[in-house]
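Heads up, the thing below is written out as structure tokens.
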Number of protein chains: 2
Amino acid sequence: MRNKQPTIWDIAIKLNVSISTVSRALRNAPDINPETKKAVLELAQELDYQPNTIATSLRKNKTNIIGVMVPEFVHAYFPNVILGIQEVANAEDYKVMIMQSAESLEIEKHNLQAMMSSRVEGLILAITRETNDYGHIISAQRKGLPIVFFNRIVDELPGSKVMVNDYQGAFMAVEHLIQTGCRRIAHLAGPQNLTIGRNRLNGYLDALKTYQLPIEESLIMPCNFEEGKTRLYTQALLNQTNRPDALFAVNDPTAIEALICIQENGMNIPEHISLVGFSNAPHSAFITPPMTSVVQPLHEIGRHAAELLIRQLNEGTHFIPETHTLDAKLVIRKSTRQA
Amino acid sequence: MRNKQPTIWDIAIKLNVSISTVSRALRNAPDINPETKKAVLELAQELDYQPNTIATSLRKNKTNIIGVMVPEFVHAYFPNVILGIQEVANAEDYKVMIMQSAESLEIEKHNLQAMMSSRVEGLILAITRETNDYGHIISAQRKGLPIVFFNRIVDELPGSKVMVNDYQGAFMAVEHLIQTGCRRIAHLAGPQNLTIGRNRLNGYLDALKTYQLPIEESLIMPCNFEEGKTRLYTQALLNQTNRPDALFAVNDPTAIEALICIQENGMNIPEHISLVGFSNAPHSAFITPPMTSVVQPLHEIGRHAAELLIRQLNEGTHFIPETHTLDAKLVIRKSTRQA
DNA sequence: AACGTTATCGGAAACGTTGCCGAAAATTCT
DNA sequence: AGAATTTTCGGCAACGTTTCCGATAACGTT
């Protein structure tokens with residue numbers, strides 16, 4: 001059904017010149033008569049000629065495509081990062097090929113092969129949570145595929161990385177609680193085997209130290225991202241005789257669970273107790289009360305990843321991978337007291 | 001930097017056969033000795049050979065890529081549709097090339113050119129809200145590009161279409177408001193150049209008529225999907241002396257903006273005012289209060305669109321475009337009163 | 001008048017595949 | 001045995017471009 005699109009051949013025939021000449025006219029080659037160039041361009045316009053990028057890619061051995069693979073894109077996190085990627089990629093005349101691995105290692109492998117087959121020039125990758133074997137990734141890198149990692153970082157793998165500063169984000173959150181008058185600040189902590197859990201705990205601890213508040217073991221609850229547990233630990237905190245006046249949660253789902261528990265106890269946020277989350281997803285703004293949360297610069301993550309990748313593409317072998325750590329931002333809403 | 005990947009040439013040399021033979025071995029050609037085939041496949045495996053799809057596409061004049069262009073994908077709507085598209089596309093061995101037009105006609109045109117240039121075999125398209133000139137689309141279709149439209153439908157354009165029954169969904173939503181006792185129901189309307197906007201408005205109007213409620217122009221606000229505008233119009237509604245007791249929003253982002261505005265005015269949902277959205281995004285369940293909303297079968301939309309497109313690709317010129325209309329469902333949550 | 005320069009162009013190879021056509025080798029049939 | 005057939009393979013053109021290299025013509029220089 002697909003009608004053939006016009007080629008430089010068609011243009012050459014109609015103008016009675018060679019395809020070389022047409023080719024020269026269409027790019028900005030120097031050795032061509034301005035008049036013939038004008039004629040070619042006009043005819044190209046008239047025929048609505050679109051260069052066949054397939055042929056160009058084959059000939060030049062360059063696709064101008066960078067791959068992006070993420071575990072999913074139905075939540076706002078990855079789409080927003082991709083937006084940032086596309087911004088700089090488009091500006092640098094790269095196209096973006098997006099794939100999603102659905103949190104499946106099998107699909108990740110398969111997609112990676114497809115990307116190699118499509119000859120993407122580089123890859124921006126967030127691995128699945130079940131990816132514990134890196135053979136396919138290492139193999140691709142060994143074949144010369146530059147990869148930039150983000151969100152899910154594996155220290156052992158070479159390549160540039162873009163991450164957010166969990167420590168600093170946690171510090172700011174707790175600092176804000178302190179500055180708004182809270183003195184007994186509990187932490188609903190994440191798994192300590194993940195750097196994300198450790199870093200956020202450390203930010204919490206250091207903020208307390210900096211402001212010379214005592215650190216109490218009984219205020220640090222290992223919720224570990226586990227649904228249900230948070231509720232129990234929050235209840236335990238509320239039952240303490242000297243109940244905390246603020247909660248810093250390791251992420252937003254944890255914070256929301258705590259919020260529900262607090263409200264069920266008939267307490268008000270932030271009058272009785274302040275609450276801060278750590279955001280993966282920016283819709284924490286829409287709950288009641290809108291939640292104060294540490295938000296990540298999603299756009300910026302994408303921009304940095306794309307910039308790093310494109311720099312590597314340009315600089316070639318003497319590019320040295322970089323790790324960029326971006327600061328998080330504290331967005332103050334209504335779940336904490338006013339300063 | 002990119003190390004050259006192995007080609008059938010490399011395999012041919014090492015095995016002392018011709019490239020034709022290697023090619024035959026790699027696809028499932030009949031006229032080849034099983035032993036040589038085995039040898040080729042083993043060596044290909046060992047070298048981790050990935051066929052160059054660029055070359056194949058050029059040679060076969062077939063890219064096996066279908067394009068998808070959407071106005072945005074930071075809200076859950078389009079990503080979920082794309083998921084459905086990918087499901088059937090992958091099953092049929094098509095790859096999906098995703099682009100987003102950022103609600104800009106300029107970008108839409110540019111992307112369409114890029115897609116033509118990349119020789120996508122067909123396109124699944126949701127136009128931007130500012131697309132009122134269809135020259136670029138018609139021109140692409142005239143060149144033989146099959147296009148399936150969804151979400152934003154233009155009746156005048158030929159091609160298959162997948163839509164949800166906006167009229168029926170809107171009718172149900174307003175009917176529910178009426179049945180739960182609301183009498184002054186406002187509509188935060190969408191752009192009237194889009195059928196989606198018109199149909200939802202018509203559903204609203206007909207529901208009012210059916211239940212013999214008066215239609216008031218002052219209750220119909222042209223929010224047009226524009227961020228910021230909704231807030232102003234909602235405020236205007238709340239300022240009316242005889243303020244409405246219910247809002248039916250043309251989509252969820254609009255509804256959420258209205259919700260924020262209402263809450264900022266210190267009013268309660270649904271006690272003071274009921275609110276119904278029309279779902280682009282299924283996380284309307286997680287806001288406070290959880291929002292009553294017309295939900296669309298997003299996955300199914302994607303599946304239908306991809307199936308229609310691929311059928312058209314297979315059947316060629318004697319394919320007759322179809323329009324599929326899928327029913328929406330009203331999910332009653334807490335932003336409307338109980339019946 | 002013979003030469004070198006310059007501007008402009010055409011020819012042809014190449015990118016990695018596929019697929020047609022025909023050749024050689026192996027097999028079967030008279 | 002030779003002929004006919006089948007199996008297996010190699011040669012080659014083609015897909016649409018880019019790019020190198022050399023050719024032609026027009027020009028200016030001695």
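Chain letters run A, B, ... following the sequence lines, proteins first and then strands; every chain starts at 1. Remember, predicted model here, so these are calculated numbers, not experimental data.
Of the candidate nucleotides dT17(C), dC15(C), dC9(D), dC15(C) has the atom lying nearest to any side-chain atom of Leu58(A).
At whole-Å resolution of the value, CD1 in Ile13(B) and P in dG16(C) are 13 Å apart. Summarising the geometry, the separation between CD1 on Ile54(B) and C1' on dT17(C) is reported as 12 Å, rounded to the nearest angstrom. Atom P of nucleotide dA14(D) and atom NZ of Lys62(B) are separated by 23 Å, given to the nearest angstrom. dG11(D) atom C1' lies 9 Å from atom CD1 of Ile19(B), rounded to whole Å. Between the CD1 atom of Ile8(B) and the C1' atom of dG10(D) there is a distance of 13 Å, given to the nearest Å. In this structure, Lys60(B) atom NZ and dG16(C) atom C1' are separated by 13 Å, rounded to whole Å. Residue Leu15(B) contributes atom CG, which lies 16 Å from atom P of dT8(D) at whole-angstrom precision. Regarding Lys38(A), its NZ atom lies at a distance of 18 Å from the C1' atom of dT8(C), rounded to whole Å.
Lys14(B) has no carboxylate O lying under 4.0 Å from a charged side-chain N of Glu42(B), or vice versa, which leaves the two without a salt bridge.
You'll find a donor-acceptor pair under 3.5 Å spanning the side chain of Asp31(B) and the base of dC9(D), going by distance alone.
Counting all heavy atoms, side chain and backbone alike, Phe78(A) lies closest to Glu72(A) at CD1-O, 3.2 Å.
Between Ser20(A) and dA12(C) there is no side-chain polar atom (N or O) within less than 4.0 angstrom of OP1 or OP2. OP1 or OP2 of dC9(C) sits under 4.0 Å from a side-chain N or O of Thr36(A). Contact annotation: Ser18(A) side-chain N/O to dG10(C) OP1/OP2 distance is under 4.0 Å. OP1 or OP2 of dG10(C) has at least one side-chain nitrogen or oxygen of Thr21(A) nearer than 4.0 Å. Dashed line: the shortest gap from a side-chain N or O of Arg27(B) to OP1 or OP2 of dG19(C) is under 4.0 Å.
Two residues, Arg24(A) and Tyr49(A), neighbour DNA chain D, and the one matched to the more 5' nucleotide by heavy-atom proximity is Tyr49(A). The nearest heavy atom of DNA chain D to Gln50(A) and to Asn33(B) marks one nucleotide each, and the one closer to the 5' end goes with Asn33(B). Residue order along DNA chain C, read from the 5' end via each residue's closest nucleotide, puts Ile32(A) first among Thr56(B) and Ile32(A).
No side-chain heavy atom of Val81(B) sits less than 4.5 Å from a side-chain heavy atom of Val68(B). For the pair Phe73(A)/Ile82(B), a side-chain contact is recorded, criterion being any heavy-atom separation below 4.5 Å from C-beta on.
Backbone-only contact: Thr7(A) has heavy atoms under 4.0 Å from sugar-phosphate atoms and none from a base.
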Going through the checks in order, is the side chain to side chain donor-acceptor pair (under 3.5 Å) test met by Gln5(B) and Tyr49(B)?
CA-CA 7 Å; Gln5(B) 299 213 40; Tyr49(B) 165 82; over 6 Å; no

